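Step one of this worksheet: look at the structure below.
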Amino acid sequence: MKYLTFALAKGRLAEQTMQLFEKIGMPCEEMKQKTRKLIFVNEDLKLKFFLSKASDVPTYVEYGAADIGIVGKDTILEEERNLYEMLDLKLGKCYMAVAGKPEMKEKLKTMNNIRVASKYPRIAKNYFDKQQTTVEIIKLNGSVELAPIVGLSDVIVDIVETGSTLKANGLQVLEKFYPLSARVIVNRGSMKMEHKRIMEIIDRMRMIIQ
Ligand code: PRP
């Protein structure tokens with residue numbers, strides 16, 4: 001039997017995913033140890049799990065280096081990869097929003113040429129295009145809340161979970177626009193070649209989350 005390979009976004013989501021896999025009878029003992037290792041194996045079930053940066057998970061899945069990926073809808077929307085999105089795991093629930101200083105709420109309605117900082121340039125561009133608002137997108141890689149504080153941008157487009165990062169930095173949600181959660185994505189070829197095995201796993205996950 002061929003190994004079935006899973007790409008997981010490292011961090012809290014990977015931990016929650018492994019708990020879910022344990023519940024459906026797919027544990028990986030090796031992964032519970034504190035280690036810098038990136039690939040873990042369940043030899044009995046012929047499963048491999050690897051951890052990568054969230055934004056790389058759809059890439060591994062599109063190219064077939066992983067058969068299945070678990071990653072946030074934010075990353076799927078931003079990466080626009082050619083793959084199947086199969087299941088909403090309802091983990092890591094949060095939403096995409098425009099945020100900024102409170103005084104931007106009114107200004108946003110009339111202002112043009114808004115400077116928007118984001119880790120999600122494609123999502124930000126699509127959102128403002130739909131509003132027919134002209135924007136300049138500035139791509140950042142993290143701690144995006146800094147941008148409006150230090151004058152790099154007027155607003156940010158980012159994920160909000162508890163809202164505590166915004167609050168701690170004197171910022172607020174100006175417009176909420178997309179609910180997000182973790183999804184199961186599958187490589188198109190793997191779906192043909194390993195259809196039965198993959199669908200069994202997805203069905204078991206679906207039963208647990210219901
Ligand atoms: C994410 C996001 C916000 C924060 C939102 O950043 O970009 O900054 O979490 O969470 P909250 O609403 O619960 O405060 P992350 O922690 O992934 O770090 P990063 O900014 O370095 O990417």
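Every number for a ligand or one of its atoms is a count from 1 in the order of the listing. Every value quoted in this text rests on a predicted model; they were computed, and no experiment measured them. Heavy atoms only: backbone and side chains are in, while hydrogens, waters and symmetry mates are out.
Residues L13 and L8 are not in side-chain contact: their nearest non-hydrogen atoms beyond the backbone lie 4.5 Å or more apart.
Around ligand 1, the residues contributing at least one heavy atom under 4.0 Å from the ligand are K119, G142, S143, E145, D158, I159, V160, E161, T162, G163, S164, T165.
Looking at N169, its side chain never comes within 3.5 Å of a backbone N or O of E145 through a donor-acceptor pair.
Summarising the local packing, CZ of F177 is surrounded by more than 12 heavy atoms from other residues, nucleotides or ligands at distances under 6.0 Å.
The existence of a salt bridge linking E200 and R197 is excluded, since no basic side-chain nitrogen approaches an acidic carboxylate oxygen closer than 4.0 Å. Between K105 and E175 no salt bridge is recorded (no basic side-chain N to carboxylate O distance below 4.0 Å).
The side chain to side chain donor-acceptor pair (under 3.5 Å) analysis of residues 48-62, with sequence neighbours excluded, yields the pairs E62-R81.
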